[in-house]
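Inspection log for the structure reproduced underneath, given as structure tokens.
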Amino acid sequence: MAARPTFCISTAIPYANGRPHIGHAYERIATDAIARFQRLDGRDVFFVTGMDEHGLKMQQTAAREGITPQELADRTAAQFLEMGDALNARANHVVRTTEPRHYAASQAIWTKMQERDDIYLANYSGWYSVREEAYFDENELTPGHDGAKNSPNGTPVEWVEEESYFFRLSAYGDRLLAHYEANADFIVPDKYRNEIVAFVKRGLQDLSISRTTFNWGVPVPGDYKHVMYVWVDALTNYLTACGYPDENAPDWRYWPANAHVIGKDITRFHSIYWPAFLMSAGLELPKQIVVHGFLFNRGEKMSKSVGNVIDPFTLASHYGVDQMRYFFLREVPFGQDGNYSHEAIVNRVNADLANDLGNLAQRSLSMVAKNCEGRAPIPGSLTEADKAILDQAWALADRSRAAMKDYALHHALGEIWKVVADANRYFASEEPWAKGKSDPERRGTILWITAEVLRNVAIMAQPFIPTAAGKLLDLVGSANDARDFAHVGAAHKIEGGLMLPAPAPIFPRYVEAEEGAPTGGKAKS
RNA sequence: GGGCCGGUAGCUCAACGGUUAGAGCCGACCGCUCAUAACGGUCUGGUUGGGGGUUCGAUUCCCUCCCGGCCUACCA
């Protein structure tokens, strides 16, 4: 069996402390779309996600709820699994950091780094705010009552000393900079690369990577009073997924990952710590860190106090899964922050999906059903206009690839919908409905061309709106094994005479309901 | 405070320093009737956040201020 090129892609692993929110959903949808795109483009795709289930906060939250940390982790993991299904964005592989195999992987990379003499034991000390659970630099502190010191946010701090293992991050600055230099697209988009380069150039401090103050974590090999502190544990999930430390594992061929898709807040951990750990352990680095922005509800960061927290499950069921996927991937330029609101979703979904694409399919295919005995017409000779729209549709694979190369998902969708818009113009100006008596053959040609354009559009839309695109492919008679990007183009055009199923609407129009607006907008009655 | 990024039409975004700053959506009008009241066409809409500067010419480069976001060593 000829080996297809592999493509390994991951989401960040959500902290198992809380329910899935819109940000998790967005990241999962985007990553799923990229994974599907690559799969349809012929790659052997490994789509990894996971759960970060360790740490003090897990212990605290569990204690507050009267359950064990493991029970909390199980509950949250089930919710995220459900989210994957609800978004039609299920990963191939889920790594939970409480799994024994993940302990093995984390301890293995730790040991490798230790053998490299990059880990040492020392005292971690500093000004610690119990309330904020964070350390602060001396020069950040502000004076408090009675000569005490406060954090920049005004909470009291105390001097704490704790034995901790450290990673020699300070030794990796030059090598990291050299890597960024040699791999210009290691961090995309560029603005995040700039940020990271500037940060590294200022000099790196060694990193505290263990704790003795709690025990809900991966034990440090050979010193079990320490547990690993966040990042060694969490980042290593990507290796665990590929079978590490067993480099003969079947999935090890997927490493190094092609893309770690992450939110902009954790860029540093993925583009500084993680490569440094991997260099230290003698492992290959991921090809790219792909950074996306944040989502805002009506311009406001979602927060419990503002009361604009939207449950992704609600969004998906209210607007539809494909509709939700389409909105976020089209409306938000990938890599930038984005906004969502009830009105924006309804506008976008009705205009692009129901009206432009859905209605084009419906009007053209129902003409085929009524006038052509339900068979794909046999095209006659082609006019310049015919050729122009066909060429556009057939070029979609290349154009989309170009956009996706830079993870510009919104541009890929823009290219596809540009063809949809032109197809509507084509259809309107050719007036097939007026040709019934005068020139039925010409009518057939127009309808065939429209169907063929729809076929290509649907193939390319699959990564983004998989269910609806699949339905559309059904309607244009596309065989199940003829739906990958290799089938975009003239070589696989619809055969004249092919029996087509009865057309049915693909996208319902969103009609305002009384209760409407789960995103906090006002429903019009 | 420091670092990075953003601010362009009501909304979401474009615009190697170079004609009159563009596109989609929304809105108004016209056309069409195959279609999910959908589609097509025309039009309205701008002190490019403010103020300085460089230049023959600035949305673009520089300075400064204002606003917003992320990071500043555990929330996408």
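It should be emphasised that the depicted structure is a prediction, and the values quoted were computed from it without experimental measurement. Throughout, protein chains are lettered first and strands after them, A, B, ... in sequence-line order, and every chain is numbered starting at 1.
- Side-chain nitrogen and oxygen atoms of A:Lys370 include at least one within less than 4.0 Å of the OP1 or OP2 phosphate oxygen of B:rA35.
- Contact check, A:Asn339 against B:rC11: no side-chain N or O comes under 4.0 Å of OP1 or OP2.
- A:Phe199 places its CZ atom 8 Å from the P atom of B:rU72, with the value rounded to the nearest Å.
- The nucleotide whose nearest atom lies closest to any side-chain atom of A:Glu195 is, among B:rC71, B:rC74, B:rU36, B:rC71.
- Atom CG of A:Asp352 is separated from atom P of B:rA23 by 17 Å (rounded to the nearest Å).
- Atom CD1 of A:Ile196 and atom P of B:rC5 are 12 Å apart (whole Å).
- Base-pair partner of B:rC13: B:rG22 (Watson-Crick or G-U wobble, both distances under 3.5 Å).
- Regarding A:Trp231, its CH2 atom lies at a distance of 13 Å from the C1' atom of B:rC71, rounded to whole Å.
- The partner of B:rG1 is B:rU72, by the rule that a Watson-Crick or G-U pair needs both atom distances under 3.5 Å.
- Nucleotides B:rC16 and B:rA21, compared at atom C1', are 16 Å apart to the nearest Å.
- Both the sub-6.0 Å distance and the 45° axial angle are satisfied by A:Arg211 relative to the ring of A:Tyr229.
- At B:rA38, one or more side-chain N or O atoms of A:Arg509 fall inside 4.0 Å of OP1 or OP2 (strictly under the cut-off).
- Here A:His292 lies in heavy-atom contact (under 4.0 Å) with sugar-phosphate atoms only.
- Considering only side-chain atoms of A:Arg425, the nucleotide from B:rG3, B:rG40, B:rC34 that sits closest is B:rG40.
- In this structure, A:His270 has its ring center at least 6.0 angstrom away from the ring center of A:Phe186.
- Residue-nucleotide stacking is not present for A:Tyr15 and B:rC75, judged by a side-chain ring centre under 5.5 Å from the six-membered base ring centre and planes under 30° apart.
- Heavy-atom distances to RNA chain B give each of A:Pro508 and A:Gln336 a nearest nucleotide, and the one nearer the 5′ end belongs to A:Gln336.
- Distance from the side chain of A:Glu331 is smallest to B:rU12 among B:rU72, B:rU12, B:rG69.
- Between A:His342 atom NE2 and B:rC25 atom P there is a gap of 19 Å when expressed in whole angstrom units.
- A centroid separation of less than 6.0 Å is found between the aromatic rings of A:Tyr319 and A:Tyr510.
- Along RNA chain B, the nucleotide nearest to A:Ala12 and the one nearest to A:Phe507 differ in position, and the one closer to the 5' end is contacted by A:Phe507.
- Rounded to an integer number of Å, the gap from CZ of A:Phe334 to P of B:rA14 is 15 Å.
- Straight-line distance between the P atoms of B:rA23 and B:rU44: roughly 11 Å, to the nearest whole Å.
- Not a single donor-acceptor contact under 3.5 angstrom links the side-chain atoms of A:Asn355 to the base of B:rA38.
- When each of B:rG40, B:rA73, B:rC74 is scored by its nearest atom to the side-chain atoms of A:Gln205, the top-ranked nucleotide is B:rA73.
- Among the heavy atoms of the strands, none lies under 4.0 Å from A:Arg330.
- Checking B:rA35, B:rA73, B:rC34 against the side-chain heavy atoms of A:Leu169 singles out B:rA73 as nearest.
- Of the candidates B:rA35, B:rU72, B:rG40, B:rU72 carries the atom nearest the A:Phe269 side chain, counting heavy atoms from C-beta on.
- There is a side-chain donor-acceptor pair under 3.5 Å between A:Gln59 and A:Asn215.
- No donor-acceptor distance shorter than 3.5 angstrom exists from the side chain of A:Asn359 to the backbone of A:Ala354, with no hydrogens or angles considered.
- Annotation: cation-pi pair A:Arg268/A:Phe199 present, NZ/CZ under 6.0 Å from the ring centroid and within 45° of its normal.
- Comparing the P positions of B:rU60 and B:rG17 gives an interatomic distance of 11 Å, to the nearest angstrom.
- One side chain, A:Gln288 or A:Tyr407, offers a donor N or O that lies under 3.5 Å from an acceptor on the other.
- The gap from the C1' atom of B:rG18 to that of B:rG51 amounts to 25 Å, rounded to the nearest Å.
- Two rings, from A:Phe167 and A:Phe277, have their centers less than 6.0 Å apart.
- For the C1' atoms, the distance linking B:rC43 with B:rG69 amounts to 37 Å, nearest Å.
- Side-chain atoms of A:Ala428 lie closest to B:rG40 of the nucleotides B:rC5, B:rA35, B:rG40.
- Atom CG in A:Asp190 sits roughly 10 Å away from atom P in B:rC5 (whole-Å rounding).
- As judged by a 4.0 angstrom heavy-atom cut-off over every strand, A:Pro14 is placed among residues making no nucleic acid contact.
- Counting non-hydrogen atoms under 4.0 angstrom, A:Ile506 reaches a base of the nucleic acid.
- A straight line from CG of A:Asn424 to P of B:rC34 spans 16 Å, rounded to a whole angstrom.
- B:rU54 and B:rC66 are spaced 24 Å apart, taking the P atom of each and rounding to whole Å.
- Among B:rU36, B:rC74, B:rA73, the nucleotide with an atom closest to any side-chain atom of A:Tyr229 is B:rC74.
- Across the P atoms, B:rC71 and B:rC75 are found 7 Å apart, a figure rounded to whole Å.
- The A:Ser366 side chain lies nearest to B:rA35 when the options are B:rA35, B:rC26, B:rC71.
- The A:Ala198 side chain lies nearest to B:rG3 when the options are B:rG3, B:rA73, B:rG41.
- Within the 4.0 angstrom heavy-atom criterion, base atoms lie near A:Gly358.
- Looking at heavy-atom distances under 4.0 Å, A:Asp356 makes contact with sugar-phosphate atoms alone, never a base.
- Nucleic acid contact for A:Gln362: base, since at least one base atom lies under 4.0 Å from a heavy atom of the residue.
- Rounded to the nearest Å, the gap between the C1' atom of B:rU42 and that of B:rU48 is 26 Å.
- The distance between the ring centers of A:Phe464 and A:Trp417 does not fall below 6.0 angstrom.
- Residue contacts for A:Phe427: at a heavy-atom cut-off of 4.0 Å it reaches a base atom on one of the strands shown.
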